[in-house]
There are 2 protein chains.
Amino acid sequence: MPRHVDHAQRRSEISGAVWQVVSESGLEGLTLRAVAAAAGCTTGMVTHYFRDKKALLAHARSVMHRRMADRIDAMPVRHAEPRAHLYAVAEQALPLDEERHLEAVVWSSFLLTTRTDPELLREHSVSHASWLRRLTALVRAALPGEPEPGDLEDRVRALVVCLDGLALNAVTDPDAYPPDLQRRVLDRQLDLILEGNRSL
Amino acid sequence: MPRHVDHAQRRSEISGAVWQVVSESGLEGLTLRAVAAAAGCTTGMVTHYFRDKKALLAHARSVMHRRMADRIDAMPVRHAEPRAHLYAVAEQALPLDEERHLEAVVWSSFLLTTRTDPELLREHSVSHASWLRRLTALVRAALPGEPEPGDLEDRVRALVVCLDGLALNAVTDPDAYPPDLQRRVLDRQLDLILEGNRSL
DNA sequence: GAATTCGCGTAACGTACGTTACGTAACGGC
DNA sequence: GCCGTTACGTAACGTACGTTACGCGAATTC
């Protein structure tokens, strides 16, 4: 056998270059040659590790999702208070530092491409439902009493759209949505979601 | 002089075809030939009314913004209650019917392209600031007392990111964010925003 | 150390795009 | 009725892309 190369690592490196290109040039500038240039290699190497462009994007996408999930999973649960725990988890979805900003840019760019691809839409739906379930458990734990199911669901939706809206705006216009503003809005949103019971 | 053609109308028709193509195929499928096919004409006609693709997209974008603003401006202020008025205006930003869904798809698609184009980003910032100002006035009118400036701003931000997040999710996965869910979340968010004063 | 298999660069190919040029038909002015 | 201008359709051109094929160097095995 010839010399040994870590395929998984090479593929991850190239996927990292995909993120870089998307961040700098958007999806419209995402070409195999641009990816190769960002990765410091040739297009031959890219095609050596990925059958075609679609496979490359799928890998870059899955690495992105894996990274996000891992960051949340690896988060130590050192918060005795349920609200602090909820905040800590929710905060992971915000582009508060450079790493998460890059992820948010890639996330938002890929998100819109799922609209016209049924297969990707299904993946997104599953992932989104999982994210909702996770937040639902945390919100329930942070609520004082036992909420009604519909009420709880609406609260979680309000939280999710807040997170997505913050991320989207921070990606589009970072200067208008600096990290401290994002934190303030999220903190306030948790206050709003967790306080009071719905009038029936 | 030769036969007369309404340039403005033709340009609007072609811009409408741009929306249609974006809605069906996304930005990646947005080619001059696809636009011409959707408009039922030839690429020669498209290039006759628009210097180049960039000008076409700019026009389609401006028509979209104009439409959104017009729909809100043309809305009769028949709500004596400030909260109902705020709700009615905010609701215009949600993809609750087919027309607004199409607009939201185009809006979200164009939104991400502003990231890598400084000129478009400036346009977006101005438009976004104007939208914030409009909502701020309505929120202030709907609040019981006189809020602190920073507190008011945070409330408005929470509303804006809620609207954007709802629109983004409804565009991405319409089945998971049907109109009644959008309305419920918005209604709830207004409750949350308008009730109570911030603890200092 | 020869054979073999993998790693990867180079380069060509076909296609689809934006753009441009050219031709023609239709209409209005004189 | 002729002329000039406008309104378009047709088609070609250059470019950039994804993809594929080919070739060589290197490393491992026997």
Side-chain angles (χ1 to χ4, degrees), chain A residues 1-61 106 109-110 113 116-117 119-120, chain B residues 1-62 106 109-110 112-113 116-117 119-120:
Chain A
M1 286 170 68
R3 70 174 151 167
H4 171 258
V5 171
D6 189 337
H7 271 236
Q9 186 186 342
R10 279 261 196 270
R11 288 164 65 91
S12 290
E13 287 173 11
I14 298 175
S15 286
V18 170
W19 299 2
Q20 191 179 328
V21 172
V22 170
S23 171
E24 290 173 0
S25 317
L27 277 181
E28 74 191 30
L30 183 62
T31 67
L32 292 191
R33 297 171 218 266
V35 170
C41 65
T42 63
T43 66
M45 180 164 164
V46 175
T47 62
H48 181 70
Y49 286 99
F50 295 97
R51 190 187 315 272
D52 52 16
K53 188 178 181 179
K54 196 173 176 180
L56 171 60
L57 295 194
H59 186 261
R61 196 188 300 260
V106 177
S109 298
F110 281 169
T113 68
T116 53
D117 190 321
E119 188 184 348
L120 293 180
Chain B
M1 285 171 71
R3 71 175 153 167
H4 172 257
V5 172
D6 190 337
H7 270 238
Q9 185 185 342
R10 278 259 195 274
R11 288 165 66 92
S12 290
E13 286 172 11
I14 298 175
S15 286
V18 169
W19 297 4
Q20 192 179 326
V21 172
V22 170
S23 170
E24 291 173 1
S25 317
L27 276 181
E28 74 192 27
L30 183 63
T31 68
L32 292 191
R33 297 171 218 264
V35 170
C41 66
T42 63
T43 65
M45 180 163 162
V46 175
T47 60
H48 181 68
Y49 287 98
F50 296 97
R51 190 186 315 271
D52 53 16
K53 188 178 181 181
K54 195 173 176 181
L56 171 60
L57 295 193
H59 185 261
R61 196 188 299 259
S62 78
V106 177
S109 298
F110 280 170
L112 284 187
T113 67
T116 52
D117 189 322
E119 188 184 347
L120 292 180

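A, B, ... follow the sequence lines: proteins, then strands. Residue 1 opens every chain. Any value given below was found using the heavy atoms of this structure, including those in side chains, with hydrogens, waters and symmetry copies removed.
- Nucleic acid contact class of Leu30(A) (heavy atoms, under 4.0 Å, all strands): sugar-phosphate only.
- A heavy atom lying under 4.0 Å from DNA chain D marks the following residues of residues 5-19 of chain B, by number: Val5(B), His7(B), Arg10(B).
- Residue pairs meeting the side chain to side chain donor-acceptor pair (under 3.5 Å) criterion with at least one member in residues 34-47 of chain B, sequence neighbours excluded, do not occur.
- With sequence neighbours excluded, the residues satisfying salt bridge (charged side-chain N to carboxylate O under 4.0 Å, His left out) with Glu13(A) are Arg10(A).
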With a 3.5 Å cut-off and sequence neighbours excluded, list the donor-acceptor pairs that the side chains of residues 21-36 of chain B form with protein atoms.
unit_1: Thr31(B); atom_1: OG1; unit_2: Ala34(B); atom_2: N; d: 3.0

Listing time: all N or O pairs from protein to nucleotides 19-24 of chain D that are below 3.5 Å?
unit_1: dT19(D); atom_1: OP2; unit_2: Lys53(A); atom_2: N; d: 2.8

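- For the pair Ser15(B)/Phe50(B), a side-chain contact is recorded, criterion being any heavy-atom separation below 4.5 Å from C-beta on.
- With sequence neighbours left out, the ring pair (Phe, Tyr, Trp, His ring centres under 6.0 Å) criterion links Phe110(B) to no other residue.
- The ring-ring contact (aromatic ring centres under 6.0 Å, His included) contacts involving residues 14-34 of chain B comprise nothing, where partners must be two or more places apart or lie in separate chains.
- Residue contacts for Phe50(B): at a heavy-atom cut-off of 4.0 Å it reaches no nucleic acid atom on any strand shown.
- dA11(D) atom P lies 19 Å from atom NE2 of His48(B), rounded to whole Å.
- With sequence neighbours left out, the side chain to side chain donor-acceptor pair (under 3.5 Å) criterion links Arg61(A) to Thr113(A).
- For His48(B), there are no ring pair (Phe, Tyr, Trp, His ring centres under 6.0 Å) partners two or more places apart in sequence or in a different chain.
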